[in-house]
Amino acid sequence: MTLAKNIIMSTTTVKTCSLKQKIYTKIQSLGGKTALLLSLWSCTATSFPAPGVTWNTYHNYRYGFEFPYPSNWNALPAKANNDGIILVSPKNDSVEIRSWAAYRLPDSMTPNRQTTNQPNFQTGQGVSGVLLVEIDQQISSMTLSLIQDEVEYYWQARSQNQEFSDYYDLFYYIAYQYRI
């Protein structure tokens with residue numbers, strides 16, 4: 001009887017896992033070099049449960065995008081063209097957040113441009129884009145791509161594969177808060 005009760009509790013526990021845990025477990029079970037296009041329309045990240053975290057906001061005035069980041073993260077020297085930023089964790093410099101933008105070339109100049117990625121994510125601002133999580137043997141990443149008018153916007157967070165689950169909620173929260 002106790003064994004049956006434990007099995008039922010275990011099944012209930014599994015059923016109540018969050019979406020991110022299910023996705024990460026599925027990705028981990030695939031192993032190797034795997035890319036997963038996430039369908040996250042129903043997910044929301046309106047708050048990040050990190051007591052004591054203070055936030056700064058990076059503003060890119062050239063392209064008009066912004067996103068929050070933990071105030072203790074360090075910015076690497078900016079490029080002269082002001083197209084973006086690289087932030088690194090104070091605890092581990094292999095954990096980083098990058099964001100940049102660029103003007104789109106006309107389709108006639110890029111005949112092989114692939115536009116097969118359909119939007120699967122919506123920011124808190126309501127802008128639709130593509131959120132891609134890539135799990136590799138060494139580095140894992142979350143990349144948000146948005147296109148508006150003549151500008152392509154990119155935001156990417158990455159870490160060592162074994163630490164990615166520790167940063168997933170933070171990365172997702174920041175991607176959700178990205179604004180153009």
Side-chain angles (χ1 to χ4, degrees), residues 17-50 55-70 73 79 81-87 95-136 139-159 161 164-180:
C17 286
S18 70
L19 176 61
K20 81 142 178 99
Q21 290 169 327
K22 289 179 185 178
I23 291 170
Y24 191 74
T25 301
K26 182 67 173 174
I27 292 169
Q28 286 294 90
S29 69
L30 295 176
K33 191 169 185 157
T34 304
L36 176 62
L37 187 61
L38 298 172
S39 296
L40 297 171
W41 284 106
S42 62
C43 293
T44 59
T46 56
S47 65
F48 179 67
W55 297 91
N56 284 343
T57 300
Y58 170 73
H59 300 276
N60 183 287
Y61 295 103
R62 180 176 181 198
Y63 291 102
F65 67 87
E66 67 181 37
F67 61 90
Y69 66 94
W73 283 50
K79 293 182 179 180
N81 66 1
N82 291 324
D83 68 348
I85 189 169
I86 300 173
L87 300 160
V95 179
E96 56 184 44
I97 297 170
R98 298 170 176 251
S99 190
W100 67 98
Y103 288 105
R104 297 183 73 195
L105 293 174
D107 288 339
S108 62
M109 295 181 73
T110 55
N112 295 329
R113 178 184 286 166
Q114 293 183 351
T115 57
T116 57
N117 290 339
Q118 296 298 315
N120 67 344
F121 182 80
Q122 190 169 19
T123 66
Q125 182 185 22
V127 177
S128 296
V130 175
L131 185 67
L132 179 68
V133 174
E134 294 181 282
I135 305 299
D136 200 347
I139 302 291
S140 295
S141 65
M142 178 183 292
T143 304
L144 174 62
S145 304
L146 305 168
I147 297 174
Q148 188 170 62
D149 299 325
E150 299 300 317
V151 180
E152 294 179 359
Y153 299 90
Y154 299 96
W155 175 90
Q156 182 184 70
R158 61 188 189 181
S159 72
N161 186 34
F164 189 70
S165 63
D166 297 337
Y167 289 96
Y168 185 95
D169 288 340
L170 171 69
F171 293 165
Y172 187 86
Y173 173 77
I174 295 171
Y176 181 77
Q177 297 297 326
Y178 189 96
R179 298 181 61 85
I180 52 179

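Since this is a predicted model, take the numbers as computed values, not measurements.
Judged purely by atom type and a 3.5 angstrom limit, Thr123 has no side-chain atom pairing as donor or acceptor with the backbone of Tyr176. Of the possible donor and acceptor atoms, none in the side chain of Tyr172 sits under 3.5 Å from a partner among the backbone N and O of Met142. In this structure, the side chain of Asn161 engages the main chain of Asp136 through a donor-acceptor pair within 3.5 Å. No side-chain donor-acceptor contact under 3.5 Å links Gln156 to the backbone of Ser141. When atom types are taken as modelled, the side chain of Arg62 and the backbone of Asn81 share a donor-acceptor pair closer than 3.5 angstrom.
Residue Tyr69 holds its OH atom at 10.5 Å from CD1 of Ile174, rounded to the nearest 0.5 Å. Phe67 CZ to Leu144 CG: the interatomic distance, rounded to the nearest 0.5 Å, is 11.0 Å. The NE2 atom of His59 sits 11.0 Å away from atom CD1 of Ile85, with the distance rounded to the nearest 0.5 Å.
Nearest heavy atoms, Phe65 versus Ala101: CE2-CB, 3.8 Å. Closest heavy-atom contact between Pro70 and Leu170: CG-CD1, 4.0 Å. When every heavy atom of Thr57 is checked against every heavy atom of Glu66, the shortest pair comes out as CG2-CB, 4.0 Å. Taking both residues in full, the closest heavy atoms of Trp155 and Ala175 are given as CZ3-CB, 3.7 Å, listed atom of the first, atom of the second, then distance. The shortest non-hydrogen separation linking Val130 to Gln118 is CG2-O, 3.6 Å. The heavy-atom pair separating Ser128 from Leu146 by the smallest distance is O-CD2, 3.5 Å.
Classification of the Phe171-Phe164 ring pair by plane angle, with boundaries at 30° and 60°, yields tilted. Note on ring orientation: taking the six-membered ring where Trp is involved, the planes of Tyr178 and Tyr153 are perpendicular (angle over 60°, cut-offs 30° and 60°).
Under the 3.5 Å distance criterion, with hydrogens and angles disregarded, a donor-acceptor pair is assigned to the side chains of Asn60 and Tyr58.
The side-chain heavy atoms of Ser159 and Asp166, taken from C-beta on, include no pair separated by under 4.5 Å. Within the 4.5 Å cutoff, the side chain of Pro119 has no heavy atoms near those of the Val127 side chain.
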Going through the distances and angles, do Asn82 and Tyr61 end up as a side-chain contact (heavy atoms from CB on, under 4.5 Å)?
CA-CA 8 Å; Asn82 291 324; Tyr61 295 103; over 6 Å; no

Would you please test Arg98 and Arg158 for side-chain contact (heavy atoms from CB on, under 4.5 Å) and show each step?
CA-CA 9 Å; Arg98 298 170 176 251; Arg158 61 188 189 181; 3.1 Å; yes

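If you look at Trp55 and Tyr173, their ring centroids are closer than 6.0 Å.
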